[in-house]
There are 2 protein chains.
Amino acid sequence: MTGTSTRVSSPTLDEVAVLAGVSRATVSRVVNDSPRVSPEAREAVRAAVAALSYVPNRMARSLVTRRTDTIALVLSEPDARIFSDPFFASIVRGLNGALASTDINLVLLTARDEREQEKAGRFVRQGHVDGVILMSLHSHDVLPAQLIAAGMPLVLCGRPLDDRPVAWVDADNAGGARLATEHLLAGGRRTVATISGPRDMVAGLDRLAGYRDALADAGHAADPRLVVEGDFTEGGGARAMEELLVRAPELDAVFVASDPMAVGALRVLRAAGRDVPGDVAVVGFDDAPVALRSDPPLTTVTQPLEEMTQVMIELLLAQVDRTTDDVQTRVCPTRLVRRASA
Amino acid sequence: MTGTSTRVSSPTLDEVAVLAGVSRATVSRVVNDSPRVSPEAREAVRAAVAALSYVPNRMARSLVTRRTDTIALVLSEPDARIFSDPFFASIVRGLNGALASTDINLVLLTARDEREQEKAGRFVRQGHVDGVILMSLHSHDVLPAQLIAAGMPLVLCGRPLDDRPVAWVDADNAGGARLATEHLLAGGRRTVATISGPRDMVAGLDRLAGYRDALADAGHAADPRLVVEGDFTEGGGARAMEELLVRAPELDAVFVASDPMAVGALRVLRAAGRDVPGDVAVVGFDDAPVALRSDPPLTTVTQPLEEMTQVMIELLLAQVDRTTDDVQTRVCPTRLVRRASA
DNA sequence: CGGGGGCGTGAGAACGCTCTCACGGCCGTG
DNA sequence: CACGGCCGTGAGAGCGTTCTCACGCCCCCG
């Protein structure tokens, strides 16, 4: 191996053609699995390719095909917290799974601050990728507008706050929250509080809306005492629960807008001597791994991640292939998972 | 904006040249900041570029320069666990920081199973990137060999198990473990146990070696009862601590090879009625965020992540620029952070 | 036995950029 | 005043592919 490794650049189509005794065009046909090649020629080319360990040059190919067969998942989050979010890991796994049967590659781009967003935007617009899936939970960034203006295929992971004409896929957060709240009411609970997500995140807003709708439908008057805003973290959930216990000590159920927060709430409830689900029923959201390990295991709302990632890829590739011109959106149904906490 | 957005492909250098009234070459010079351009020409080109919102086509450029100005961080981990590792997030942040002043982009590639590794390998060898930084904690994968054979610039994050001729950067794990152990001994502890990392991870091995060396230097006989293998997780640390308390109830100090494991150990020690650091002193490793929040705050070993990522980039770019032919390695010093647990 | 229609193949023009080279115009020097 | 050199510029040749044609060949049908 080291014997011939003084070679500095990789072999080209031409060299393969010479070795195989055919023309460049024929080699290209073989490499691209075109049917119009004789078995002998195909075999000769195959051998030559193997002998030279030829790998097609992506740049040259992309230059003419205008395709890179690569899509980017852009993580436009200010802090590194996103990495520790199991939801994020699931999305990456789902996307990779959805692309496994294709020869499309997925690359991740992080864009923590304005500067990195700028850099990521440039990267994308230079033509490194065919399309972008954007994960940005707080949506005050410029990347979407920039990419739309550049005509770059784009799908957002999560419904955007404003009504920009852009494709997106989201879980039915409101529906899931409604499911959870209805479940609590159906269990005979009378005072159902909620620990909501942050107001600047759509998922938080939607889950709060679902909770309110369910209560309203059941004839309950809206009670601001019962709503405390959390930040989707365990610590935030604990603090919110403490606040709730002060504000409304009579509560007998809590819908918590994320599992980590629910775990924090569970901890505070136990410390306060409230039995779960005996005294207080708790329902979380996300079906995070932690929901299974908590004590008691958390009744929660699960999102169809598999389906969501699949749809994201579909919507994106439709744009890439220009199959469609109008931007599509899709809301995927959520489901209640009953465990022990409610 | 929608007015002219029927335009499907982006403008080319030629169109900019026509609009600016100069030749293609001059536009190229301006775009690439060549000094040999008159101010007037430069201004005209600038205006034309802005008017057309011209962005150079990376593929075309790379085809001739043989540079993509992109490097990949490949995460070659079987499970998604790596995302939740704060160490990993720090590495990404560090690398991005080290590249912030350059116009080199960083993309992340995940390669969970054999199949995805294959895909990532192809992606890299097709010439999408100029070099690769590989993070693979378990090192039984084929990617390194494949990339080396292809002559792709490569730097490993972490010392490899075998002695392949490949560049790598690692923290001084053995030195840090020695520091921790010496600290425990200097505090008057007589029976210092350890919860090690997994045997198939170099970091685990090195930290164990450092622990043993420190003990040997202090004249202690090696006692296999005092060594229990953990898996770097909190749960694993707890289990290992339980085991240790059974095996060697007289222990008065534990060097734990990772902070999450140390947190688990702390929990078990408290449950067993042992005061930390009164009865048992505990030192962790990594200086993870959790080390600050634990009770008591964890004395631990910190790695110079900033320096490590900086060096990785240096070694990689040296290879990319062919500044050097021999593979370099670098071990970065670790440091003891004294808190309350020891 | 002649003519039409695939089918496998090769020649050559793109794709959008960089880079070398050559060419005028201006300066300074002898 | 002539001549060499430098500086800004443009022409044109690639970079490694794909893809459109056009061209022989063989086979089948009339």
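Heavy atoms only: backbone and side chains are in, while hydrogens, waters and symmetry mates are out. Note on naming: letters A, B, ... go to the chains in the order of the sequence lines (proteins, then strands), and numbering restarts at 1 for each one.
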With side chains defined as the heavy atoms from C-beta onward, is the minimum distance between A/Met135 and A/Ser76 less than 4.5 Å?
no

Please check this pair: side chain of A/Thr102 against backbone of A/Leu99, looking for a donor-acceptor N/O pair closer than 3.5 Å.
yes

Within residues 28-42 of chain B, find the residues that approach DNA chain C with a heavy atom at under 4.0 Å, and present them sorted by residue number.
B/Ser28, B/Asn32

Expressed in angstrom and rounded to an integer, what is the separation of A/Asn57 atom CG from D/dT18 atom C1'?
13 Å

Starting at CG of A/Asp14 and ending at P of D/dT17, how long is that distance when rounded to a whole Å?
8 Å

Looking at every strand, decide which applies to A/Arg66 at a 4.0 Å heavy-atom threshold: base, sugar-phosphate, or nothing.
sugar-phosphate

Mind calculating the distance between CZ (B/Arg61) and C1' (D/dG14) to the nearest angstrom?
17 Å

Is the backbone of B/Glu306 close enough, under 3.5 Å, to the side chain of B/Thr309 for a donor and an acceptor to pair up by distance?
yes

Quick check: on DNA chain C, is the nucleotide nearest B/Met59 upstream (toward 5') of the one nearest B/Ala25, or the reverse? Name the residue that is more 5'.
B/Met59

Any donor-acceptor pair under 3.5 Å linking the side chain of A/Thr65 with the backbone of A/Arg61?
yes

Between A/Asp170 and A/Arg159, is there a donor-acceptor pair closer than 3.5 Å when you use the side chain of the first and the backbone of the second?
yes

In the structure I gave you, are the side-chain heavy atoms of B/Leu156 and B/Val169 within less than 4.5 Å of one another anywhere?
no

Have a look at the helix from C/dC1-D/dG30 to C/dG30-D/dC1 and give the angle its two end axes make, five pairs each, rounded to 10 degrees.
50°

Going by the ring-ring contact (aromatic ring centres under 6.0 Å, His included) test, which pairs reach into residues 46-71 of chain A, not counting sequence neighbours?
none

What's the closest nucleotide to the A/Leu63 side chain, out of D/dG16, D/dA13, C/dG12?
D/dG16

Of the listed nucleotides C/dC19, D/dG10, D/dT18, the one nearest the side chain of B/Thr65
C/dC19

Taking atom P of C/dA13 as reference, at what distance in whole Å does atom CZ of A/Arg24 sit?
11 Å

When A/Val64 and B/Val64 are each assigned the nearest nucleotide of DNA chain D, the 5'-most assignment goes to B/Val64

Tell me the interatomic distance from B/Asp69, atom CG, to C/dC17, atom P, rounded to whole angstroms.
15 Å

Between atom CZ in A/Arg67 and atom P in D/dG16, what is the gap in whole Å?
24 Å

To the nearest Å, how far apart are B/Leu13 CG and C/dT18 P?
6 Å

Member of B/Thr68, B/Asp69, B/Asn105 meeting the side chain to side chain donor-acceptor pair (under 3.5 Å) criterion with B/Arg58:
B/Asp69

Can a side chain N or O of A/Thr12 be found less than 4.0 Å away from OP1 or OP2 on D/dG16?
no

When rounded to the nearest 0.5 angstrom, what is the spacing between CZ in A/Phe123 and OG1 in B/Thr70?
4.5 Å

Report the distance from atom OH of B/Tyr54 to atom C1' of C/dG16, rounded to the nearest whole Å.
7 Å

